[in-house]
Amino acid sequence: MRIALVQPHPLSSHPAQIFAHIETWVSGLSSLGADLVVLPELILPGYNRPEDHRAQAQPLGGEWCATMGDIARKYECAICYGWAERLGDDVFNAASVLDKTGARVGHYRKIQLFGEMERASFAFGTETPPVFELNGIRTGLLICYDIEFPEHARTLARAKAELILVPTANPVGYDHVPDLLVRARANENAAVVVYANYAGPDRDIDFGGKSIIAGPDGQAVARAGSRPTTLIAELPKPTDYPGEAISVQLDDLRSVE
């Protein structure tokens, strides 16, 4: 599977404009052979747009989902994207994965909300992160801050995930996340981790870029700098790397004298 990661400048909160950008990206990347395009956290309606999270949030299966499905189907390309999901009186920081037919194969609501803005805007997700088949690959889904907690990636690894997709919105000053933690999660779980960030300022937040596709050895298969860009990489095969996921349980650890 050929994976494309989009690291854009933060967009406006106008869905029609956002979808125009997304269709341009998916069209171009699919023409280069991409089987999957991974977009950042809350691409709809924008991460640092708290006034729009509740006002614009849509239900699962609503207009945003339908439009994204149309794009995936038109260009025969899978898409992973973050968005604001309404469920009753709650709004969730969510992410979905569509296959190349536009069918939704994975959906997740962020468990680890980061900072005052997220906790004021969203309800905490309560469901276990999903693992699903995408192009024959066991695939898991997390969002941003979730990847900094080893328990969540371990849950996916125990469900035999080989690929972990992570839409994110990581500010300047948190370079240790892509430089260290994402690579550690990939290595300790013998998985490929795709971490898709924004680059550049949006109001009072400056996003740091440094998106990365990390291989099971903890090394970068592809990585971005601090400017808007795209990455394209072939998904490494498990046979390309020796070893397997670290399987020790915390209660199996013993002190060594």
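Only a predicted model underlies this, so the values are computations on that prediction, with no experimental measurement involved. FYI, side chains are in, hydrogens and waters are out, and symmetry mates aren't considered; it's all heavy atoms of this structure.
Ion pair D35/K100 not flagged as a salt bridge, since none of the NZ, NE, NH1 or NH2 atoms sits closer than 4.0 Å to an Asp/Glu carboxylate oxygen. Between E51 and R203 there is a salt bridge, with a side-chain nitrogen of the basic residue lying less than 4.0 Å from a carboxylate oxygen of the acidic one.
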Side-chain atoms of residues 39-48: list all donor-acceptor pairs with protein atoms under 3.5 Å, sequence neighbours left out, distances to 0.1 Å.
residue, atom, partner, partner atom, Å
E41, OE1, A169, N, 3.0
E41, OE2, N93, ND2, 2.7
E41, OE2, K110, NZ, 2.9
Y47, OH, E118, OE2, 2.5
N48, ND2, D202, O, 2.8
N48, ND2, D204, OD1, 2.9

Atom pairs and distances, donor-acceptor, side-chain atoms in residues 125-132, under 3.5 Å, two or more places apart:
none

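In this structure E148 satisfies the salt bridge (Lys or Arg N to Asp or Glu O under 4.0 Å) test with no other residue, sequence neighbours excluded. Not a single side chain to side chain donor-acceptor pair (under 3.5 Å) links W64 to another residue, sequence neighbours left out. R54 is linked by a side chain to side chain donor-acceptor pair (under 3.5 Å) to nothing, counting only residues two or more places apart in sequence or in another chain. Legend: residues meeting side-chain contact (heavy atoms from CB on, under 4.5 Å) with A103, ordered by chain and number and at least two apart, are D99, T101. Scored by the side chain to side chain donor-acceptor pair (under 3.5 Å) test, R138 finds no partners at all (sequence neighbours excluded). In this structure E76 satisfies the salt bridge (Lys or Arg N to Asp or Glu O under 4.0 Å) test with no other residue, sequence neighbours excluded. Here E23 pairs with K74, Y75 under the side chain to side chain donor-acceptor pair (under 3.5 Å) rule; sequence neighbours left out. The salt bridge (Lys or Arg N to Asp or Glu O under 4.0 Å) test applied to R119 returns no partner, not counting sequence neighbours. Residues meeting the salt bridge (Lys or Arg N to Asp or Glu O under 4.0 Å) test with D70, sequence neighbours left out: R73. When the side-chain contact (heavy atoms from CB on, under 4.5 Å) test is applied to A224, the partners found at least two apart in sequence or on another chain are Q7, S211, T229, L231.
Judged by distance alone, with hydrogens and angles left aside, the side-chain atoms of S27 form no donor-acceptor pair with the main-chain N or O of T24 at under 3.5 Å. In this structure, H53 contributes its side chain and A84 its backbone to no donor-acceptor pair below 3.5 Å. Here the side chain of R185 pairs a donor or acceptor atom with the backbone of I147 at under 3.5 angstrom. R223 places no side-chain N or O within 3.5 Å of a backbone atom of A214 that could act as its donor or acceptor partner. In terms of modelled atom types and a separation under 3.5 Å, the side chain of Y108 and the main chain of I111 share a donor-acceptor contact. Judged by distance alone, the side chain of N135 and the main-chain N or O of I137 form no donor-acceptor pair under 3.5 Å. At least one donor-acceptor pair under 3.5 Å links the side chain of D146 to the backbone N or O of I143.
Between C80 and the choices L98, L165, I3, V37, the side-chain contact (heavy atoms from CB on, under 4.5 Å) rule is met once, by L165. Checked against V193 for a side-chain contact (heavy atoms from CB on, under 4.5 Å), the options L142, I164, I213 give a single hit: I164.
With contacts defined as side-chain heavy-atom distances shorter than 4.5 Å, the pair E85/H107 qualifies. Between R104 and V97 the shortest side-chain heavy-atom distance does not fall below 4.5 Å. Side-chain contact between E162 and T139: absent, with no pair of heavy atoms (C-beta onward) separated by less than 4.5 Å. Looking at heavy atoms from C-beta onward, Y195 lies out of side-chain contact with V38 at the 4.5 angstrom threshold.
Under the 3.5 Å distance criterion, with hydrogens and angles disregarded, no donor-acceptor pair is assigned to the side chains of W25 and T230.
At most 12 heavy atoms of other shown residues, nucleotides or ligands fall within 6.0 angstrom of atom OH in Y145. Enclosure of atom OH in Y174 is not indicated, since only 12 or fewer non-hydrogen atoms of other residues, nucleotides or ligands lie within 6.0 angstrom.
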Exercise. What do the steps show when you test L235 against V192 for side chain to side chain contact (heavy atoms under 4.5 Å, CB included), and what is the final call?
Worked result: CA-CA 8 Å; L235 179 68; V192 174; 3.7 Å; yes
For this session: Under the side chain to side chain contact (heavy atoms under 4.5 Å, CB included) rule, what do L87 and F92 come out as? Steps first, then yes or no, please.
Result: CA-CA 8 Å; L87 180 63; F92 292 94; 3.9 Å; yes
